[in-house]
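Structure first, commentary second.
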Amino acid sequence: MLGYIIYGDGPKRPELGERQLPGGAFVTLRMGQQAHPLGPLALRRARQGARRMRPSQS
């Protein structure tokens, strides 16, 4: 399953969701816009959110 990150007005903590588009179902991660989007804290939050989007390996 493919996924993407949505930046902008969003929750303070990253939030996983699912969106149905014509191409299929996509996992989404909503993140609030950071004051410094390329700063170390923003990049760390994006990495953590991307890890959450990965399917669990059992």
Side-chain angles (χ1 to χ4, degrees):
M1 183 179 289
L2 296 175
Y4 60 92
I5 299 175
I6 302 169
Y7 289 98
D9 292 333
K12 187 170 184 164
R13 295 178 144 226
E15 182 177 281
L16 284 177
E18 189 173 322
R19 183 172 289 183
Q20 183 70 33
L21 297 174
F26 294 86
V27 175
T28 61
L29 177 70
R30 291 183 58 224
M31 295 182 66
Q33 183 67 29
Q34 297 289 321
H36 302 286
L38 296 177
L41 293 177
L43 292 175
R44 181 173 178 262
R45 285 183 65 211
R47 277 194 305 273
Q48 287 176 336
R51 279 191 206 108
R52 290 178 54 197
M53 292 174 69
R54 290 184 190 165
S56 62
Q57 304 208 0
S58 323

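- Between the CG atom in Leu16 and the OG1 atom in Thr28 there is a gap of 7.5 Å [rounded to 0.5 Å].
- Pro14 approaches Arg52 most closely through the heavy-atom pair O-NH1, 3.3 Å.
- For Arg19, the side chain to side chain donor-acceptor pair (under 3.5 Å) partners at least two apart in sequence or on another chain are Tyr4.
- Under the 4.5 Å side-chain heavy-atom criterion for grouping Ile, Leu, Val, Met, Phe, Trp and Tyr, Met31 is not connected to Leu38 through any hydrophobic cluster.
- With sequence neighbours left out, the side chain to side chain donor-acceptor pair (under 3.5 Å) criterion links Glu15 to Arg30.
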